[in-house]
Amino acid sequence: MTYRTILAPLCGSETDRSALAMAFSVAQTFSGHVDALFLRTDPSESILMLGDGFPASIIDALLRTTAAAIRVRATQARAAFDAAASSAHAVIVDSPTPPGRLTARWRERVGVPSETVIEEARVVDLLVFDRSIMTDDSLDHHIVEMALLYGTRPVLIAPGPLESAAGGRLGTHVAIAWNGRSESARAVAAAMPFLMKAQSVRVLTAETAKTRLTEAGRLVEYLAWCGVRAEAMVVGPDDEGVGAALAHHAEISGGDLLVMGGYGSNRMREMFLGSVTRQVIERARLPVLIAH
């Protein structure tokens, strides 16, 4: 099991550089392929929100202004991709190639960003976002949540180039936030390529009324059967909540990657936004791999 295809959705902002750096870091570790996808919105979609009654001249001016702004973002995103690919010494390709070397490709798609990412996510091994994309005004604010809930693939969140406390190869020291639920199990399965290469793995279990502390031991035993040595650690939630405690302990234990399940509801996405998952994403100063 490996990460062969890695999707990095881009929007032409500063978040692109961090996401691309993380994507190429993973690709270098696994000799994978980075698909850099610029999410080009349709200018006419924003005009439809105005409704009827606006003069044709105003609508035409708005269309031209919006199209020009999108072209600028596309240029910025392409520049970030070219720089990251060059730094990683990636081979630029237009179509699939045999495994064994680091490759990259630039693509653009027009559409609603969240819908485009969901569709693309289903045919890749891993998606990579920068954390701040969740508050970037240039994109659907819920794009990461939508990718998690409907994309069926794991998502890797980069904490940003200035905030990451990790050094060296990503996934050398892995922390797993574990509570025994199905989402956690899927996250562990999705992270197995990292776990198989890691020098150390720690299973973090938060002490709550909903989690049995014996759950950690069960996972440690399972990982041992897979050839992964791991140790269990009980995390006592502090005043800031379970998510903050997990992120803090993952960092102080020397982790450079935190693996966890993404919890939420398909019927009420707001439940996801207020969950432990959201708190970890906001607080963690190391990359977070999440599966739903």
Side-chain angles (χ1 to χ4, degrees), residues 5-20 22-23 26 34-50 63 66-67 69-74 76-78 80-81 105-160 183 186-187 190 260-282 284 287-292:
T5 53
I6 302 150
L7 179 66
L10 309 178
C11 61
S13 70
E14 285 300 314
T15 66
D16 292 348
R17 298 184 184 278
S18 177
L20 284 166
M22 187 65 66
V26 176
V34 174
D35 242 13
L37 177 67
F38 178 68
L39 302 170
R40 183 184 288 272
T41 55
D42 185 349
S44 62
E45 291 293 328
S46 59
I47 303 304
L48 290 176
M49 298 175 61
L50 295 176
L63 281 171
T66 303
I70 293 172
R71 286 195 297 270
V72 170
R73 286 188 173 273
Q76 293 172 337
R78 183 58 193 260
F81 166 74
R105 177 173 62 172
W106 168 266
R107 292 194 296 127
E108 297 186 23
R109 278 195 58 178
V110 178
V112 178
S114 58
E115 295 177 359
T116 301
V117 168
I118 290 171
E119 182 180 334
E120 293 280 344
R122 292 168 179 159
V123 288
V124 298
D125 296 321
L126 181 70
L127 289 87
V128 181
F129 294 97
D130 180 271
R131 177 176 63 188
S132 55
I133 201 172
M134 300 175 74
T135 56
D136 192 327
D137 290 337
S138 65
L139 277 181
D140 183 340
H141 292 183
H142 303 298
I143 190 170
V144 177
E145 290 93 331
M146 296 296 287
L148 273 171
L149 292 175
Y150 302 106
T152 74
R153 293 296 189 268
V155 170
L156 181 62
I157 307 293
E183 291 87 349
R186 293 189 189 102
M260 71 176 301
Y263 303 95
S265 168
N266 291 349
R267 295 179 300 275
M268 292 183 61
R269 193 170 63 198
E270 291 78 11
M271 290 181 65
F272 177 87
L273 299 178
S275 69
V276 171
T277 312
R278 165 68 87 163
Q279 192 176 51
V280 168
I281 292 174
E282 292 176 346
V288 182
L289 189 147
I290 310 175
H292 175 65

Please check this pair: side chain of [X] against backbone of [Y], looking for a donor-acceptor N/O pair closer than 3.5 Å.
| X | Y | answer |
| --- | --- | --- |
| R73 | C11 | yes |
| H292 | L149 | no |
| R153 | L126 | no |

* For D125, which residues count as a side chain to side chain donor-acceptor pair (under 3.5 Å) partner, sequence neighbours excluded? ->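 D125 satisfies side chain to side chain donor-acceptor pair (under 3.5 Å) with T5 once adjacent residues are dropped.
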Please examine the side chains of [Y] and [X], heavy atoms only from C-beta on, and report whether any two atoms are closer than 4.5 Å.
| X | Y | value |
| --- | --- | --- |
| I281 | F129 | no |
| D16 | Q76 | no |
| L156 | I6 | no |

* Asked: By salt bridge (Lys or Arg N to Asp or Glu O under 4.0 Å), which residues pair with R109, not counting sequence neighbours?
  ->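 Result, salt bridge (Lys or Arg N to Asp or Glu O under 4.0 Å) vs R109: E119, E120.
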* With R186 via salt bridge (Lys or Arg N to Asp or Glu O under 4.0 Å) - residues at least two apart ->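 None.
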* Asked: What residues form a side-chain contact (heavy atoms from CB on, under 4.5 Å) with A67, not counting sequence neighbours?
  ->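 A67: side-chain contact (heavy atoms from CB on, under 4.5 Å) contacts with P43, R71.
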* **Contacts of type side-chain contact (heavy atoms from CB on, under 4.5 Å), residue A187, not counting sequence neighbours** =>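 Result, side-chain contact (heavy atoms from CB on, under 4.5 Å) vs A187: V259, A291.
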Drop me the distance from [X]'s [atom1] to [Y]'s [atom2], to the nearest 0.5 angstrom.
| X | Y | atom1 | atom2 | result |
| --- | --- | --- | --- | --- |
| R40 | L10 | CZ | CG | 12.5 Å |
| L148 | I143 | CG | CD1 | 11.5 Å |
| L127 | T152 | CG | OG1 | 9.0 Å |
| I157 | I290 | CD1 | CD1 | 5.0 Å |
| D35 | R105 | CG | CZ | 4.0 Å |

* Under the ring-ring contact (aromatic ring centres under 6.0 Å, His included) test, residues paired with F38 that sit two or more places apart ->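 Per chain and number, F38 pairs via ring-ring contact (aromatic ring centres under 6.0 Å, His included) with no residue.
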